[in-house]
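So you know, we letter chains A, B, ... as the sequences are listed, proteins then strands, and number each from 1. What you see below is based on every heavy atom in this structure, not just the backbone, and it leaves out hydrogens, waters and symmetry mates.
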Amino acid sequence: MSSSPTPRRRPRSASLTANPVATVALVVVALVAIAVALAPVLSPYGSNEQDLAHIFEGPSAAHWLGTDSLGRDVLSRLLWGGQPTLLGVLAAVVAFVVAGVVLGVLAGTIGGWVDALVSAVADILMSLPGVVLILAILAIFNQDLAPAMIALGLLGSGSLVRVVRAAVLAVRSELFVSAAIVSGLRPGRIMARHILPTVVSPVIIQASLFAGAALAVQSGLGFLSLGVHPPEPTWGGMVGEAAANLAKAPWLLTVSGGIITLVSLGFALIGDGLRDADAARRRGGEVAAPRTVAAPAAPAAATAAAADAASPGATGAVLEVRDLVIAFGGRPPREVVRGVSFEVRAGEVLGLVGESGSGKTVTTLAALGLLPPGAAVTSGRIVLAGADVTGADDAAFRGIRGRRVGLISQEPMVALDPLFTVGSQLGDVLRHATDLDRRQRRARALELLAQVHLPEPAAVLRKYPHELSGGMAQRVAIALALAGDPELLVADEPTTALDVTVQAGILDLLRELQAARGLAVLFVTHDLAVVADICDRVVVMENGEIVESGSVDELFARPREAYTRELLASTPNLVSTT
Amino acid sequence: MSARSARPADPAAPAAPLLSIRELEVAYAGRARARGRTVIHGVDLDLAAGETLALVGESGSGKTTIGNAVLGLVPVAGGRIELAGRDITRLRGRGRRALAREVQAVFQNPYGSLNPWITVGTTLAEPLRAAGMPREQVRGRLERLLDRVHLPTDALTRYPAEFSGGQRQRIAIARALALEPRLIVCDEPTSALDVVTQAAVLELLQELQAEFGVAYLFITHDLAAVREFADRVAVLEAGRIVETGPSRTVCDAPEHPYTRRLVAAAPVPDPVLQRQRRAARLAAAAGPTPGALSPATPDSAA
Amino acid sequence: MLRLILRRVALSVPLLLVVTAVTFVLQSLIPGDPARSLLGPSATPEQYEALRQALHLDQPVLVQYRDYLLGVLHGDLGRSIFTGEDVAGTLAVRLPVSLSLIIGGTVLALLVGVALGVMSATRGRALARFVDVFSLVGGALPNFWVGLVLAAIFAVALGVLPATGYVPFEFSPALWAQSLVLPVIALSLSGIATIAKVVRDGVQGAMAQDFMRTLRAAGVPRRVLIWKHALRNSSVSLVTVVGVIFVASLSGTILVENVFVLPGIGSLAVTATARQDIPVIQGIALAFTIVTIVVNLLVDISYALLNPKVRVS
């Protein structure tokens, strides 16, 4: 926090230009559009200029893309044919965006009956058989394409209405909008400054995807000779002409289908690129505190710490971590854990304490072989329950995870699969972490739930995670972790998300289970008060290195390192010490 | 006003409060499915100028809702909220916007409370511009503000993503301070931060209070922080205030059973003392098995 | 759950009214009138009047509309103004062709799409890249063009499958299947692309969830995590997209049936459009709307079944 702001990617620069493929797509689509618009200037021949002496010719200097069944220049016809095609797409997209944005913004901001009405309209639009209605309109308007394409845009706008409405609602619930209200900004200004800008990119994304769909419909109509008037060319119509001469000139099919595919691919890539850029930008707004690149800790301190924590050859260590280095990929690789050594002895509770970015969670995940993609152990050794598991894969962890070590994590509400009952998940774990048969597994499941003091275990088995409170869910998570009767329990901030009274209950439970089973616990936390409550020994980490370690009583009474003292001094204390 | 309060008066309550809340009721209006649900039941609070009043409670207790009611972010179903004797309960539109000069807020999540798409300078200028400060004066004012919260001036041209959580919270504090309000509602301003950062932010808030005489309505779940930071505390359980008083008194000698349970459950960063406290807590809970889910444990309410 | 179904059903009434009303209102805007265009310039005024009466064109639009709705309620969709055939009967004859195509295409898209999606989510970068490119290109290729290319290769060049025509199932199941292979592939390509991408994103997203870590750490093997938990967690988006693909296939048949000269509803729609045969188009629009409503209803019911929160309450 005290560091100066680290230069970071600005959210605005994460635009389309960051995505080369999308940029190329944009350029290609733009070039095609310009060429088509300039057809009167660019095209070497008239759109219907026949030359019966030169039919079905391949590409040549005179006819870059060859000639068709009437000896007409294919390139010229492509350029001229692009005009009705792309104009039709444009009409559809404009209708789509106008209807979608207006209705979506209205529904999202006014709410109430307007919202209900607009949502019903959107539902109806999305249930209409769009293309058949387009055919009806073409029939009725005597093959005039303009009303058909505008209708296509309106009929398609249901999805955009939903997207815009959802985006407006989402941003309106953002704290920065509350902050703007509290700052005394006028509603119009809040709309213009804080709400609408966030709607722009989803609209462009949807519009470019819809443009692809409109092109497909437009060229499909052309292919069916609907809404066009031969011999005037359209792209779809040219596919139809090529189809009629499939045996004589397959080349024509490639050209006409190729231009449609090219432009349609361009629309899709632009949409995808914008979506990626948008997602990256949203992530950019929510990233955790940037990890400051810390100066390496004084070697003396590190050595002293290592000497204290490491008692080489010590017996009874359930987990032994030696000189562990973990790096995240990238150039250059970023080392987030540097030379960490500690051990968890049988039957003890070891606290691993540090602030965010200290590397405490990554260290424990490495011990379980659960490092996130991109992170890897680059040196050092991890011995878990007597097996060297350094960099081991899932196969090597078979028989270890669940049976020798269990994990409980921070957010109990997301630590359980929301779509399966407690019984189903406990059953899954018991099937793989024990050798019990079906009947025994059920009995064991009930027993486990009773051991974590959940009332009515049989009823809990049938419950889904959302039917549990946070405290109950954490108890279920503990039961899951203990299902295979492991000797080590890794607890990653298990009470951080819980209320203080619930926290006390969970800590009591862990203490009880630990005593009853002789369990070793690696307890990861940022909270020194929790460490004081449950741990026997503690290791303090900062910026990927161990600062200090020792017995809890010793370390709290006589912290040796400045950082430990700072942590202790910063932790609010409910009991007066002054 | 406070004399008419139904509840036994808190002896430490201010005589002429800056903020006075009487019999506040807030109900969440029925969305499509849920019927209107009262979440705040007749809350009374008084806050003096320049004072820090903590509102402490567990999740779902309604503490944030009370803060939002003061800020006009949720509709009030009943009762009165007065600022310096003026009724602001249902103030809307222009009147509410004008209130920005007197009441401001710092929210819990510094990652969500700053618009990631605009620069810090723009964000900080918004309240000033909305209050009608001429553009030429804004820049100088912003630089002084940043200095007050110990951030470099070049922060103005940067985006929120470039700052750490603690720095963002300083920016949010600078925004709240921009109009020199008399009251800042601080909704869990440090709960998303690391402990060292947390201590620094609380220290900054205290420093600013000494300088500007601003009052804080400090919403938190952390009793230990209350004891160190707040003058007085109101303990909230399920939308009702169960105990109020000077924060040291309430933390050291809680009277209401709920407050007692909260105090007993909070661990302290001292292993020896914590062992004693734990033994005492378990002994007090004697009846049920340790760790068991007794009806008294609001485990199921979390 | 019941509320959900009721809402859908309630919404379908105005929907059907909208579809029929729109075509009716638009019809009244037609510059010429069908009787005139049917008879051609040489008809006598008497012939003209007689046809107008036969088609009820002499009545006010509202009356025509009421009569039409009453007819629809009794299964009478009117007669083609071109062939005079009963529209409902024509649709009934042609429906099996289109349904074979649509169901075949959706099933193929589902099978291939899920397999590709799961593999690309779990089997390394090369396959993921392939699915990326495939889903982009597959989505961008116009289905009628794909059909033509398939016909050019497998029917014209290799001669292994018929290029055009339809054989009823009752006549010969083997020939029926042969006649559908190419059209089904052409119709399902974009569906495969969409499903592969949705499944890939869904499985990847699910694998990144916290609960996957819980279950992995507790010793549950990856195979179970992928095929049970990850797929189940992607099921809502999968059901959504299958519904969308089914409905899109309705429109898709219009082109594909024309490419392969299949006597389904899609090719009927094109002929009717070219002939301004409004009753036929109205009938098709109504039929497609009903199918869409049923599919959306099934999708909604699946949501409710897939989501324990909805199911319980």
Side-chain angles (χ1 to χ4, degrees), chain A residues 120 123-124 127-133 135-140 142 212 216 219-220 223-224 226 239 243 246-247 250 253 257 260-261 264-265 268-269 272 368 370 394 398 401-403 405-407 409 411 414-420 425 428-429 432-433 464 466-467 477 480-481 483-484, chain C residues 11 14-15 18-19 22-23 26-27 29-31 136-137 139-142 144-145 148-149 151-152 156 209-211 213-222 224 228-229 232-233 250-251 254-255 258-259 269-270 272-274 276-278 281-282 284-285 288-289 292-293 296 306 308-309 312:
Chain A
D123 274 0
I124 287 180
S127 304
L128 288 173
V131 174
V132 181
L133 288 182
L135 291 184
I137 289 166
L138 273 176
I140 290 161
N142 205 17
S219 54
F223 170 70
L224 297 172
L226 297 175
V239 176
L246 197 53
L253 192 60
I260 297 171
T261 307
S264 157
L265 200 58
L269 283 170
D272 276 7
L368 287 158
L370 296 175
D394 276 10
R398 190 167 304 150
R401 289 189 202 135
R403 290 175 189 246
V405 60
L407 169 74
S409 49
E411 291 279 354
V414 295
L416 302 172
D417 189 333
L419 299 179
F420 290 88
Q425 298 184 60
D428 270 354
V429 170
H432 297 102
Y464 285 93
H466 73 270
E467 300 173 83
L480 277 177
Chain C
L11 209 59
L15 190 56
V18 166
V19 173
V22 163
T23 47
L26 289 175
Q27 182 189 4
L29 299 177
I30 294 187
L136 263 169
V137 176
L141 291 173
F144 57 95
W145 187 76
L148 287 170
V149 170
V156 179
Q209 298 281 319
D210 274 22
F211 63 77
R213 205 166 69 187
T214 311
L215 294 171
R216 252 177 104 191
V220 179
R222 205 171 138 78
V224 177
K228 181 173 176 182
H229 294 272
R232 179 69 176 72
N233 273 274
L250 291 174
S251 309
I254 294 172
L255 287 155
N258 269 280
V259 170
V270 176
T273 307
Q276 279 201 315
D277 198 343
I278 302 294
I281 296 180
Q282 274 172 344
I284 294 172
F288 277 18
T289 308
T292 309
I293 288 171
N296 285 342
L306 288 170
K309 286 186 197 175
V312 170

Notebook entry, point to check: Hey, mind stepping through Leu265(A) and Leu136(C) against side-chain contact (heavy atoms from CB on, under 4.5 Å) and telling me if it holds?
Noted result: CA-CA 7 Å; Leu265(A) 200 58; Leu136(C) 263 169; 4.1 Å; yes
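- For Arg213(C) against Ser409(A), the heavy-atom pair with the smallest separation is NH2-CB, 3.8 Å.
- Rounded to the nearest 0.5 angstrom, Ser127(A) OG and Leu15(C) CG are separated by 5.0 Å.
- Annotation: maximal heavy-atom pairing with chain C below 4.5 Å, among Gly406(A), Gly212(A), Pro418(A), occurs at Pro418(A).
- With respect to the salt-bridge test (charged N to carboxylate O, under 4.0 angstrom), the residues Asp417(A) and Arg232(C) do not qualify.
- A distance of 9.5 Å separates CG in Leu370(A) from OG1 in Thr214(C), rounded to the nearest 0.5 Å.
- Contact annotation for Ile293(C): neither backbone nor side-chain heavy atoms come within less than 4.5 Å of a heavy atom of chain A.
- Looking at Asn258(C), the atoms closer than 4.5 Å to chain A (heavy atoms on both sides) all sit in the side chain, from C-beta outward.
- Chosen from Thr292(C), Leu148(C), Val137(C), the residue pairing most often with chain A at heavy-atom distances under 4.5 Å is Leu148(C).
- The CZ atom of Phe211(C) sits 12.5 Å away from the CG atom of Leu480(A) when rounded to the nearest 0.5 Å.
- Comparing Leu226(A), Leu368(A), Asp272(A) by how many heavy-atom pairs each has under 4.5 Å with chain C, the most go to Leu226(A).
- No part of Leu250(C) comes within reach of chain A, as not one of its non-hydrogen atoms sits under 4.5 angstrom from that chain.
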Note to self: Could you walk me through whether Leu255(C) and Leu224(A) satisfy the side-chain contact (heavy atoms from CB on, under 4.5 Å) test, starting with their C-alpha distance in whole Å, then the side-chain angles of each, then the deciding distance to 0.1 Å, before giving a yes or no?
What the structure shows: CA-CA 7 Å; Leu255(C) 287 155; Leu224(A) 297 172; 3.8 Å; yes
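- Taken from OG1 in Thr261(A) to CH2 in Trp145(C), the straight-line distance is 5.0 Å, to the nearest 0.5 Å.
- Atom CG of residue Leu135(A) and atom CD1 of residue Ile254(C) lie 5.0 Å apart, to the nearest 0.5 angstrom.
- For the atom pair CZ (Arg222(C)) and CZ (Arg398(A)), the distance works out to 12.0 Å, reported to the nearest 0.5 Å.
- Between chain C and the residues Ala120(A), Ala481(A), Ala136(A), Ala483(A), the most heavy-atom pairs under 4.5 angstrom are made by Ala136(A).
- For chain C, the nearby part of Asp394(A) is the side chain; its heavy atoms alone come within less than 4.5 Å.
- Inter-residue side-chain proximity for Val429(A) and Leu215(C) is flagged as met; some heavy-atom pair is nearer than 4.5 Å.
- Both the backbone and the side chain of Val220(C) have a heavy atom closer than 4.5 Å to some heavy atom of chain A.
- Under the 30°/60° scheme for interplanar angles, the aromatic rings of Phe223(A) and Phe144(C) are found to lie parallel.
- Your options are Ala216(A), Ser219(A), Ala268(A), Gly130(A), and the one with the most heavy-atom pairs under 4.5 Å with chain C is Ser219(A).
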